[in-house]
Amino acid sequence: MMNDAGLFALVSLLLPALSFLVLAVVYPFRRLGRPAAWFSIACAAGSLAAAALAWDAHADGDVSRLLWAWLPTGGEVLATVGVLADAQSTVMLTLVALVAFLVQLYSIGYLSDESPPALGRYYVYQSLFAFSMMGLVLAPNFLQLFICWELVGLCSYLLIGFWYQRPSAARAAVKAFWITKAGDVGLLIGIVLLWRHTGTFDFFEMRGLAESGAIPLAGLSLITFFIYLGAVGKSAQFPLHIWLPDAMEGPTPVSALIHAATMVTAGVYMLVRTEWLFALTPDVLLIVAFVGAFTALLAAVLACVQDDIKRVLAYSTVSQLGYMMTAIGAGYAAAGFLHLLTHGVFKALLFLGAGALIHAVHSNDLKDMGGLARRMPQTAIVFVIGTLSLAGIPFFAGFLSKEGILGATLAGGLMAPFAVLMLVAFLTAFYMFRVVFLALFASRAMHASPLQPADASPIHHDAVEATHGSPVHDPPATMVLPLWILAIGSVGIGLYFTFVHPEEEFVNPGWLMPAAVVTAVAGIALAWMAYQKRSIDAAGLANAFAPIRTAALRRFWLDDLFEGIYNLVFLGFSKLVGWIDRYLVDGVLNALSAWTLTAGDDVRTIQSGKAQDYVYGVAVGLLVLLLWARWVLA
């Protein structure tokens, strides 16, 4: 089946591909920098328009499939490539296109100091990233999804390590690449096993088999668990979440692109797209829910002790992804998908807002900020809007989607994960308003949390301006415009959901909404008393949570564990292979070579130059031949 939605979706997918091909192939054009950047932005704008048209053209319940045969085997086709445009994919496509366009526009101002060749290279990576993510979103089968999945991983490696001259950025890129590849191995195994189980890669055909009960259940739990491992790596679930905070070494617009609506949501999106498959394995869904809730809590605690504003947002992303996974595990993937969409808007806003603050003070550290609302009023307003959305305050984008996840967890009968998510809601409001008060409103940057001793030394903007030679102010128009678009979107989505409540698969209990609001307000109040009013002694409170603070500052030793495994297993194995290569393989070859040389030296002595010696040799040889013919051949 095909309609206008499929054609518009295809155009939206091909425009970033066009931008990538032009910038990658036309080397002189790419080296111009800003012209190449504006060409990429124009293609991104066209892609956004086409995605919006695809979403608008899509009718409820309609599915548009535009397919081409690929990998023919005899008279059959093993797999196809193309687009699958339906309610989920078109709205997700629009979100990805929107964030990609706004990030590219924002980057013109943020990376204005980059050299033209570096700027052109950056937009090559951005275009390939957008194409790869859109190809994943529109994939009609597991094979295309996996190819685009790996391309997204490659692009994240290139973008995180964009400033590859910095050792920390190079290490972060490699870490992100290998940690996510650990999950990708599971995904690949799951896809192959599922193909053997069903005989197809196609989602449409596979869903028909699932709904008709034609998929054998024996061994299916193992298959879905392997597929889930891919989502664990991409969507930064415990224990493979450790790559994401280090990914902050890339430019801040990259962080917004990766951590808002693109790479990290790919795992959640894949589980949403295959909810009909996971519904057949409730035991795996239970694992998804409990790991998601634990990840949400772990990341929220880690966010409370961060002084780097981007790391706070990174751990916040991990935590919110845990929220989404919990709803999927509870059996209500629609609730997780709704939060994925709203989160993509306000988290992009928060990252780009943080980028504006960093651009002004030339530092990621909260101790170098404080009172910025007076100097950067536009940035302060939009950042507060994003924070209110993330905290789950009414009339903002994240309110009803977070309440939906809490309700889904209750409806699924998962009381322990529900209690954990309520605690996470409190911590989320607390650590995000800690950032707001320290960076925007506090008279000095008391950057520590109640889980970390306070640094009472004041940081004045006069010192910051003297250091960097320019006054602190709002960013240029190319950076402010995307911020306001996302801020208006966050408020607009919140108001729309308030007055046009989306249809839900369950009914929330009446006490849930006021309980969620009170929980968020309590977190805001604690942050206000500790960092704005300072009626609470942060150092004393830190001592009360000293064991948690110590563990959180060491990231609960999870990075140390992975480093130890890497050193013991991978480096140990490489040392073993090196020893075998050096002393066994090379040793045997060197010994044979030495023996050959020695034998050659010994045989060379036969060549004496005396004729009588040669006659003796011929006689002895002839005698040996005669004896051999007499006793051996007889």
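Atoms considered below: every heavy atom in the structure, side chains included; atoms not considered: hydrogens, waters and symmetry mates.
Other residues, nucleotides and ligands contribute over 12 non-hydrogen atoms within 6.0 Å of the CH2 atom of Trp163. Applying the 6.0 Å contact sphere to CG of Asp283 captures more than 12 heavy atoms from other residues, nucleotides or ligands. Within 6.0 Å of OH on Tyr164 lie no more than 12 heavy atoms contributed by other residues, nucleotides or ligands. Few gaps surround CZ on Phe39; more than 12 heavy atoms of other groups in view lie less than 6.0 Å from it. For Trp68, the CH2 atom is densely surrounded, since the number of other residues' heavy atoms within 6.0 Å is greater than 12.
A donor-acceptor pair shorter than 3.5 Å can be found between the side chains of Ser316 and Lys347. Judged by distance alone, the side chains of Gln144 and Trp149 never bring a donor and an acceptor atom under 3.5 Å apart. Of the N and O atoms on the side chains of Arg273 and Tyr269, at least one donor lies less than 3.5 Å from an acceptor on the other residue. A donor-acceptor pair shorter than 3.5 Å can be found between the side chains of Ser19 and Ser127.
Salt bridge Glu150/Lys181: present, at least one basic N to carboxylate O contact under 4.0 Å. Taking 4.0 Å as the cut-off between side-chain N and carboxylate O, Asp560 and Arg554 count as a salt-bridged pair. Ion pairing between a basic and an acidic side chain is recognised when a charged N comes within 4.0 Å of a carboxylate O; Asp184 and Lys234 show such pairing.
A heavy-atom distance below 4.5 Å is not found between the side chains of Leu158 and Phe129. No side-chain heavy atom of Met133 sits under 4.5 Å from any side-chain heavy atom of Met263. Between Phe201 and Pro140, every side-chain heavy-atom pair lies at or beyond the 4.5 Å cut-off. The shortest side-chain heavy-atom distance between Thr252 and Leu352 does not fall under the 4.5 Å cut-off. Looking only at side-chain heavy atoms (C-beta outward), Leu13 and Leu93 stay at 4.5 Å or farther from each other. A 4.5 Å side-chain heavy-atom check between Thr180 and Leu240 finds every atom pair outside the cut-off. At least one side-chain heavy atom of Leu302 sits under 4.5 Å from a side-chain heavy atom of Phe556. Inter-residue side-chain proximity for Thr596 and Ser593 is flagged as unmet; no heavy-atom pair is nearer than 4.5 Å.
If you take OG1 on Thr224 and CG on Leu229, they are separated by 10.0 Å, rounding to the nearest 0.5 Å. In this structure, CD on Glu114 lies 7.5 Å from CG on Leu119, to the nearest 0.5 angstrom. To the nearest 0.5 Å, atoms CD (Gln104) and CG (Leu111) are separated by 11.5 Å. A distance of 8.0 Å separates CG in Leu321 from CG in Leu340, rounded to the nearest 0.5 Å. Annotation: the span from Met134 atom CE to Ser47 atom OG amounts to 3.0 Å, rounded to 0.5 Å. One distance of note links CG of Leu128 with CZ of Phe131; it measures 7.5 Å at 0.5 Å rounding.
No donor-acceptor distance shorter than 3.5 angstrom exists from the side chain of Asn141 to the backbone of Ala79, with no hydrogens or angles considered. Between the side chain of Asn590 and the backbone N or O of Asp586, at least one donor-acceptor pair lies under 3.5 Å. With Thr80 contributing its side chain and Trp70 its backbone, the two residues share no donor-acceptor pair below 3.5 Å. The backbone N or O of Pro216 lies less than 3.5 Å from a partner atom in the side chain of His197, making a donor-acceptor pair. When atom types are taken as modelled, the side chain of Thr281 and the backbone of Phe278 share a donor-acceptor pair closer than 3.5 angstrom. A distance-only check finds a donor-acceptor pair linking the side chain of Thr200 to the backbone of Asp202 [under 3.5 Å]. The main-chain N or O of Ala37 is never found under 3.5 Å from a side-chain atom of Ser40 such that the two would form a donor-acceptor pair. With hydrogens and angles disregarded, no donor-acceptor distance shorter than 3.5 Å links the side chain of Arg31 to the backbone of Pro117. With hydrogens and angles ignored, the 3.5 Å screen pairs no side-chain donor or acceptor of Ser89 with any backbone N or O of Val137. Between the side chain of Arg30 and the backbone N or O of Leu23 there is at least one donor-acceptor pair closer than 3.5 Å.
Using a 30° and 60° split on the angle between ring planes, Tyr110 and Tyr106 fall in the parallel class, below 30°.
In terms of heavy atoms, Leu136 sits closest to Ala266 at CD1-CB, 4.1 Å. Of all heavy-atom pairs spanning Val284 and Ser221, the tightest one is CG2-O, 3.4 Å. When every heavy atom of Lys310 is checked against every heavy atom of Gly250, the shortest pair comes out as NZ-O, 3.0 Å. Of all heavy-atom pairs spanning Gly233 and Trp243, the tightest one is O-NE1, 3.0 Å. For Val124 against Ala24, the heavy-atom pair with the smallest separation is CG2-N, 4.2 Å. Across every non-hydrogen atom of Ser235 and Val268, the tightest pair is OG-N, 3.1 Å.
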Candidate pair Tyr125 and Tyr122, rule side-chain contact (heavy atoms from CB on, under 4.5 Å), full reasoning
CA-CA 5 Å; Tyr125 298 161; Tyr122 173 84; 5.7 Å; no
Where do Phe162 and Glu249 land on the side-chain contact (heavy atoms from CB on, under 4.5 Å) test, with the steps shown first?
CA-CA 9 Å; Phe162 175 72; Glu249 292 292 338; over 6 Å; no
Step by step, work out the salt bridge (charged side-chain N to carboxylate O under 4.0 Å, His left out) result for Asp246 and Arg311.
CA-CA 8 Å; Asp246 290 340; Arg311 283 184 176 269; 2.9 Å; yes
Residue pair Leu138, Met92: steps toward the side-chain contact (heavy atoms from CB on, under 4.5 Å) verdict
CA-CA 9 Å; Leu138 297 171; Met92 185 68 180; over 6 Å; no
Evaluate the criterion side-chain contact (heavy atoms from CB on, under 4.5 Å) for residue pair Lys175 and Ile242; output intermediate values, then yes/no.
CA-CA 9 Å; Lys175 183 176 182 179; Ile242 62 170; 4.0 Å; yes
